[in-house]
Amino acid sequence: MATKGTNESRDPGAPEQGTAKVRFNSANLKSSYANFCNATSTREEVVLNFGVSNDWDRTPQDMEIELSHRVVLSPFAAKRLNTLLQKLMGEYEARYGELK
């Protein structure tokens, strides 16, 4: 008979010991549109600025971007985001074709 806490007494579909279950609470989630993103970094953080450009018929030197959100990440979180976006874009291009 297996004792509590051993692998034999666990549900085979249950997460491994030490693995946290993640629940997403979207009660306060807000969606935003951005057609512009700028990134900068320091040794301690990566900063992503998101905004919208409405200057469709102006020359490039007259372009104005209305920034709406800034996301500050640790370099480790930025690396995970990079990996996630590369995987997502690979799946997108496999489904819809390569983006030029």
Side-chain angles (χ1 to χ4, degrees):
M1 178 171 163
T3 61
K4 189 171 181 164
T6 64
N7 285 340
E8 291 134 5
S9 67
R10 295 181 47 138
D11 175 5
E16 292 296 318
Q17 186 174 0
T19 303
K21 257 186 158 177
V22 177
R23 284 189 12 240
F24 295 98
N25 180 346
S26 60
N28 295 312
L29 181 66
K30 295 178 179 92
S31 296
S32 298
Y33 173 78
N35 63 7
F36 172 85
C37 180
N38 172 272
T40 60
S41 67
T42 67
R43 180 178 168 86
E44 292 83 23
E45 62 190 23
V46 173
V47 180
L48 304 174
N49 293 307
F50 295 92
V52 175
S53 170
N54 293 315
D55 298 330
W56 302 115
D57 20 83
R58 294 188 182 176
T59 60
Q61 52 268 50
D62 292 337
M63 186 178 290
E64 182 176 317
I65 306 294
E66 181 182 332
L67 295 178
S68 54
H69 297 283
R70 176 172 289 138
V71 178
V72 181
L73 304 166
S74 71
F76 298 104
K79 178 94 176 194
R80 290 190 300 271
L81 176 60
N82 179 49
T83 301
L84 176 69
L85 287 173
Q86 285 181 340
K87 181 179 179 195
L88 178 67
M89 293 313 300
E91 291 170 359
Y92 179 94
E93 289 182 332
R95 197 174 313 132
Y96 301 110
E98 182 181 357
L99 292 172
K100 303 285 181 192

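Here the CG-CG distance, from Leu81 to Leu88, works out to 10.0 Å after rounding to the nearest 0.5 Å. Note that CE of Met89 is 11.5 Å distant from CG of Leu84, once rounded to the nearest 0.5 Å. Taking OG of Ser74 as the start and CD of Glu45 as the end, the distance is 10.0 Å to the nearest 0.5 Å. Atoms CG and CZ, from Leu48 and Arg70 in turn, are 10.5 Å apart once rounded to the nearest 0.5 Å.
Minimum heavy-atom separation, Ser53 to Ile65: CB-CD1, 3.4 Å. Leu73 and Ala78 make their closest contact through CD1-CA, 4.0 Å (heavy atoms, listed as atom of the first residue, atom of the second, distance). Residues Pro75 and Val46 approach most closely at CA-CG2, 4.3 Å, considering heavy atoms. Closest of all the heavy-atom pairs between Phe50 and Val71 is CE1-CG2, 4.0 Å. Nearest heavy atoms, Val52 versus Tyr33: CG2-O, 3.3 Å.
Hydrophobic clustering, with ILVMFWY side chains joined whenever heavy atoms are under 4.5 angstrom apart, keeps Leu99 apart from Leu85.
The backbone N or O of Asn49 lies less than 3.5 Å from no partner atom in the side chain of Asn38, so there is not a single donor-acceptor pair.
Residues Phe24 and Leu29 fail the side-chain proximity criterion, which asks for heavy atoms closer than 4.5 Å. Within the 4.5 Å cutoff, the side chain of Asn82 has heavy atoms near those of the Gln86 side chain.
In Glu66, the CD atom is not crowded: 12 or fewer heavy atoms of neighbouring residues, nucleotides or ligands sit closer than 6.0 Å.
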